[in-house]
Number of protein chains: 2
Amino acid sequence: MAAVDRRRLVLDAAAKSFALFGYKATTMDQVAKIANVGKGTIYTFFTNKDELFDEILHSAITDMRKIAERTIRDDRDFFDNLYRVLDALLDFRDEHALFIKLSQEKRDLGTPKADYGLAKVENVIVSYIQGVVEQAIRNDEIRPCDAQVVSYVMLRLYTSLAGDFNQLREPLPKEQIKEYMLLFLEQGLRSSG
Amino acid sequence: MAAVDRRRLVLDAAAKSFALFGYKATTMDQVAKIANVGKGTIYTFFTNKDELFDEILHSAITDMRKIAERTIRDDRDFFDNLYRVLDALLDFRDEHALFIKLSQEKRDLGTPKADYGLAKVENVIVSYIQGVVEQAIRNDEIRPCDAQVVSYVMLRLYTSLAGDFNQLREPLPKEQIKEYMLLFLEQGLRSSG
DNA sequence: CGTTTGACCGAAAATGAATTTTAGTCAATT
DNA sequence: AATTGACTAAAATTCATTTTCGGTCAAACG
């Protein structure tokens, strides 16, 4: 039974190629070659290159969601969960070959599709955090606030400390990133004395 | 008396041209033309285009410093001063024709010199804030912390709320930006209840 | 004699025509 | 009915030619 699942073959080939060569340098001929199918076959499953890319992106994002869900633990408090989920999501993003390649492509080529893909990932992260924040507000763990604004700022806060800041100084150790996150989010800066 | 100050003429012409056309599209021939001097004359005062650009940049940065100094008021507390100085500096930056042009050029052309100029401005802002933060630590207005990390994060926090966020939603009104700044910096997020 | 100048130079960038590559189609094949 | 790859139109790349630009310097100027 079971004739080869050509859709699967195409999907796997495309995932490999996008991760290895990026959006622009992935050609439909190449995907067909890797998948061992005729080029026309690709178009029976996907209307065009963009849709194929979206499908790959979507599946990577789904993986990311799973990581996030596995990381959230009901027995931990909001701030602990927040830190761990940000850490997990961004670690995942920074290590996933597809996202690494898209970041390079954005930086080096400025490919709009790479931009679009990364923006989509960022939105998913923000809206995931947003859910966590909304839950925390309901639990009265944090004070009422606009969850979207706050989750956006949290992501920025984290990436400022973990990433952008490296251009100015040595990368901060994880422990210290956590410390500063908590300083801003949990305690604020005002002197306790 | 007073033969025309040709150095001044060149400087004014260059300032006008960089602000109007950006770094790349400003040619030495054009600067000479605007300044009404021969091109060779420029090179008696400045070794090359880069140095001329640096001089213009430096003078814009000096203006910015003056604004900041005028804005800091000893009779206000740290958080008030912080908010007002960030606001003043970034308003200035956003309205100064040179910086507007350089931002466009960075976005549209990716000119490295435009990048460099804006990075320099950002460094000045961060180190200015850093001074304010260090003072506040000495005054025991805020708890001890790494002033560079904290001032960097403050700038990012502000620009996240005032700028980057606009891609996701309507721009936040000033009052609300201030509110969120204070939420993070002064109080932290934890529920008071 | 010190200052100013613009014609001049080589390097770098812009142009555009010729060539190659690529996304997407479809008649032939299995 | 599903699959294919030769085919096409459009986009990207190449590359020789032309133009522009930063920087120099011998001549002109005062």
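Below, read A as the first sequence line, B as the second, and so on, with proteins coming before strands; counting in each chain starts at 1.
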Q. Side chains of Asp63(B) and Phe92(B): does their closest heavy-atom pair fall under 4.5 Å?
A. yes
For Lys101(B), the salt bridge (Lys or Arg N to Asp or Glu O under 4.0 Å) test, sequence neighbours excluded, returns none
Could you write out each protein N or O paired with an N or O of nucleotides 23-30 of chain D at a distance under 3.5 Å?
residue : atom : partner  : partner atom : Å
dG23(D) : OP2  : Tyr43(B) : OH           : 3.2
dG23(D) : OP2  : Lys49(B) : N            : 2.8
dG23(D) : N7   : Lys39(B) : NZ           : 3.0
dG23(D) : O6   : Lys39(B) : NZ           : 2.3

Using nucleotides 10-16 of chain C, report all nitrogen or oxygen pairs with the protein that are shorter than 3.5 Å.
residue : atom : partner  : partner atom : Å
dA14(C) : OP1  : Lys24(B) : NZ           : 3.4

Any Arg6(A) side-chain N or O less than 4.0 Å from OP1/OP2 of dT3(D):
yes
Rounded to whole Å, OH of Tyr23(A) lies from P of dA12(D) at a distance of 11 Å
So CZ of Phe99(B) and CD of Gln104(B): to nearest 0.5 Å the spacing works out to 14.0 Å
Applying salt bridge (Lys or Arg N to Asp or Glu O under 4.0 Å) to Lys39(B) and not counting sequence neighbours gives Asp29(B)
note: Asn36(B), atom CG; dT4(C), atom C1'; distance rounded to Å ~ 13 Å
Separation of dA12(D) atom P from Leu109(A) atom CG, nearest Å, is 12 Å
Taken in chain and number order and not counting sequence neighbours, the residues that satisfy side-chain contact (heavy atoms from CB on, under 4.5 Å) with Asn123(A) are Leu168(B)
Residue set satisfying side-chain contact (heavy atoms from CB on, under 4.5 Å) with Gln30(B), at least two apart, ordered chain then number -> Ser17(B), Phe21(B), Thr27(B), Ile34(B)
Aromatic ring pairing Phe53(B)/Phe18(B), orientation class (parallel under 30°, perpendicular over 60°, tilted between): perpendicular
Between CG of Leu52(B) and C1' of dC21(D) the distance, given in whole Å, is 15 Å
Would you say the side chain of Val31(B) lies within less than 4.5 Å of the side chain of Lys49(B), judging by non-hydrogen atoms? no
